[in-house]
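All values derive from a computational prediction rather than experimental measurement. We name chains A, B, ... by the order of the sequence lines, and we start the count at 1 in each one.
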Amino acid sequence: MERGLISVDRWSGGSQAYFLTHLHADHTQGLSSAWSRGPLFCSHLTSKLLPFKFPNFNLSLLRVLEVGSWHSLSLTSPSSGTKTAVQVMLIDAHHCPGSVMFLFRGEFGCLLYTGDFRWEASIEKAYTSKIILLNAIKGSKLEVLYLDNTYCHPSYAFPSRVDAAKQVVDIIISHPEHDIIIAIDNLGKEELLLYISRMLKIKIWVWPERLQTLHLLGYEDIFTTKTSFTRVRAVPRYSFTVDTLEGLNKVRPTIGIMPSGLPGILGHFGMNENLCTSLADSRSNGFKSSEIFTITSNGQKWNVRSVEKLHQYIYSVPYSDHASFSEIQEFVELVRPINMRGIVSSSSCYINPLYYFGHFRGVNQPSQKSWQKHKGVESMSAIQTESLCQISHCPNLARKRRRSEKIRILGHRFSRVSALRRVRQGVKIVENDCVD
DNA sequence: GCGATCAGAT
DNA sequence: CACATCTGATCGC
C-alpha cells in the first residue's frame with residue numbers, strides 16, 4: 001500500500017503528520033513517551049494534558065492548533081515526491097476536555113474526522129461549533145465523513161448532559177444520609193462534577209492523580225483528596241463494582257452512580273442476572289427502576305432513558321459524552337457527506353452509518369439504505385458481522401451473555417470474547433482513495 | 001530486562 | 001456490549 005500522508009488517532013507510522021483528537025486511552029494506542037515518528041497536531045488543552053499522560057514526551061514534536069481557523073501544512077506527496085498543501089481546521093467535539101474534530105482540505109478533497117463527539121445543538125457552545133463547521137464546508141463537498149458511531153442505533157436515546165446532571169443531583173438529594181460514589185474516567189465528566197458541586201455546595205473527592213489533571217484544567221477549590229471534607233466521591237470506573245458498593249455499605253450507607261449512555265445492562269459490574277431481574281419492578285426513594293420519557297429533538301419525538309436502579313446500591317444515569325442517535329442524525333444531515341464511515345467497530349460487528357443516514361448524503365447514490373423509506377424491509381444490514389457468531393439485529397437487545405470459551409485453531413489459542421473486542425479505528429489518509 | 005501488545009477483568 | 005481503563009501474561013528485541 002502507498003505510504004500515507006496524514007494519520008488521525010493512528011500511531012503505527014508511515015505518515016508525515018499525526019493528529020490526535022483527544023487523550024482517551026483508546027485513541028492513543030501506540031502513542032508513548034518515546035514518540036518520534038513525526039509532528040503531532042492537537043488542541044491547546046490536549047497539548048497541556050499530554051505530558052502528564054506521557055512524561056518526557058518530546059515537546060518539540062507537538063504542534064498546537066487553535067480551533068476554528070484554517071492551518072496550512074506543506075507535505076510531500078508520497079507517490080510523486082512533489083509538495084502538496086493540506087489545510088486543517090479544528091472543531092470543538094464537546095466530548096472531553098481538549099477533544100476536537102479535524103476537517104481537512106487538500107488534493108484528496110474535503111474530509112471530516114469527528115473523533116468522539118457530542119452534539120447538543122441546543123447548547124450555546126455547540127451552536128458556535130455548528131456555525132464554524134457550516135462556514136468551513138460552505139461551497140465545498142464533504143467527500144468522506146469519519147463518524148463517531150458509538151451510539152448509531154435508534155435505541156440510543158438520552159437527554160442532554162445538563163438534564164442528566166440534574167437527575168444525578170436529584171438522586172444525591174434524595175439520599176441525604178448516604179455517601180455517594182460516582183464512576184468516572186481519567187478525563188471527562190468534569191462538568192457533571194462541577195454541577196453537583198455548585199448545586200449542593202460541596203466539594204468532590206477525587207484520587208490524587210485525577211486532582212492533578214483537574215488542576216491542569218483550571219478547576220480550583222472544587223475538588224479535594226481529603227475524604228473527611230465531603231460525602232461525594234468520584235472514583236475510577238474500573239473500581240466501581242457491586243463488591244465495592246457492598247463492602248462500603250458494611251461501613252457506611254453508600255450508593256453508587258454510573259453516568260453512561262449505555263443502558264444498565266445485565267451482567268454489568270459483575271451483577272447477578274436474576275438479582276437484577278428481581279429488582280426490575282422495585283422502587284425506592286421515588287426512583288422507578290427504569291423511567292422513560294419523551295423529548296422532541298431534531299423534529300422528531302424520542303423516548304429517552306432516565307435514571308435506572310440497577311441494584312440495591314447502584315443507579316445508572318444517562319449522562320453521555322457521545323452523541324445520541326438523534327444527535328448523530330442531526331450532524332450527518334448538517335454536513336451531508338458524499339460518503340461516511342464509522343470509526344468504532346469490534347472485530348465482528350460494525351454499525352454502518354450509511355444504513356440509517358445514507359439518504360442524507362450530498363449526492364445521489366445507489367439506494368443502499370432502507371430505514372426511513374421501508375422500515376423493516378432492509379436491502380442492507382445495519383450491523384455487519386462475521387460468521388463467527390450470531391448477534392442480534394438490535395444491539396440493545398443483544399443481551400445474551402456470550403460464553404468466554406476458548407478453542408484451538410491450528411494450535412493457536414482463540415477466544416470468542418477477544419474476537420468481540422471493541423476497537424477504535426484511527427485513519428490513515430493516502431493520496432488517492434483517502435482510506436487506508 | 002524492558003517496552004509493546006494482547007487477553008481478560010473491572 | 002458500541003462508554004474506558006487497569007492488570008497480568010506473553011511477545012519481541
Subject >> Between B:dA9 (P) and A:Asp243 (CG): distance, integer Å >> reply: 14 Å
Original post:
NA contact type, A:His95, heavy-atom cut-off 4.0 Å: base, sugar-phosphate, or nothing?
Top reply: sugar-phosphate
Original post:
Looking for any heavy atom pair under 4.0 Å, which part of the strands does A:Asn186 touch: base, sugar-phosphate only, or nothing?
Top reply: sugar-phosphate
Subject >> Interatomic distance where CG belongs to A:Asn149 and P belongs to C:dC1 [whole Å] >> reply: 18 Å
Original post:
Does A:Asp148 offer a backbone N or O that forms a donor-acceptor pair with the side chain of A:Thr114 under 3.5 Å?
Top reply: yes
**OP:** In whole angstrom, give the distance that lies between atom CE of A:Met258 and atom C1' of C:dC1.
**Re:** 13 Å
Original post:
Which pairs count as salt bridge (Lys or Arg N to Asp or Glu O under 4.0 Å) when at least one residue sits in residues 206-219 of chain A, sequence neighbours excluded?
Top reply: A:Glu190-A:Arg210
**OP:** Indicate the atoms forming the closest heavy-atom contact of A:His27 with A:Trp11, along with that distance.
**Re:** O-NE1, 2.9 Å
Subject >> Nucleotide nearest A:Ala25 (side chain, heavy atoms from C-beta), chosen from C:dT5, C:dA4, C:dA2 >> reply: C:dT5
Original post:
Looking only at side-chain N and O atoms, does A:His322 come under 4.0 Å of OP1 or OP2 in C:dA4?
Top reply: yes
Subject >> salt bridge (charged side-chain N to carboxylate O under 4.0 Å, His left out) partners of A:Arg233, counting only residues at least two apart >> reply: A:Asp179
Subject >> A:Phe240 CZ - C:dT5 P separation (whole Å) >> reply: 17 Å
**OP:** May I have the distance from A:Glu327 (atom CD) to C:dA2 (atom P), rounded to whole angstrom?
**Re:** 21 Å
Subject >> Value in whole Å for how far the C1' atom of C:dC6 lies from NE2 of A:His24 >> reply: 15 Å
Subject >> Partner residues of A:Lys189 under the salt bridge (charged side-chain N to carboxylate O under 4.0 Å, His left out) criterion, sequence neighbours left out >> reply: A:Asp321
**OP:** Could you tell me if the ring centre of A:Phe19 sits under 6.0 Å from that of A:Phe104?
**Re:** yes
Subject >> Integer-rounded Å distance: C:dA2 P and A:His153 NE2 >> reply: 13 Å
Subject >> salt bridge (charged side-chain N to carboxylate O under 4.0 Å, His left out) partners of A:Glu120, counting only residues at least two apart >> reply: A:Arg118, A:Arg161
Anything under 3.5 Å between a protein N or O and an N or O of nucleotides 7-9 of chain C, put it in a table, one pair a line.
none

Subject >> Distance, rounded to the nearest Å, where A:Lys189 contributes NZ and C:dT5 contributes C1' >> reply: 13 Å
**OP:** Answer yes if the ring centres of A:Phe325 and A:Tyr151 are under 6.0 angstrom apart, and no otherwise.
**Re:** no
Write down the protein N/O and nucleotide N/O pairs, taken from nucleotides 2-5 of chain B, whose separation is under 3.5 Å; answer none if there are no such pairs.
from: B:dA4; atom 1: OP1; to: A:Ser32; atom 2: OG; distance (Å): 3.3

Original post:
Would A:Phe331 and A:Phe117 count as a close aromatic pair, with their ring centres under 6.0 Å?
Top reply: yes
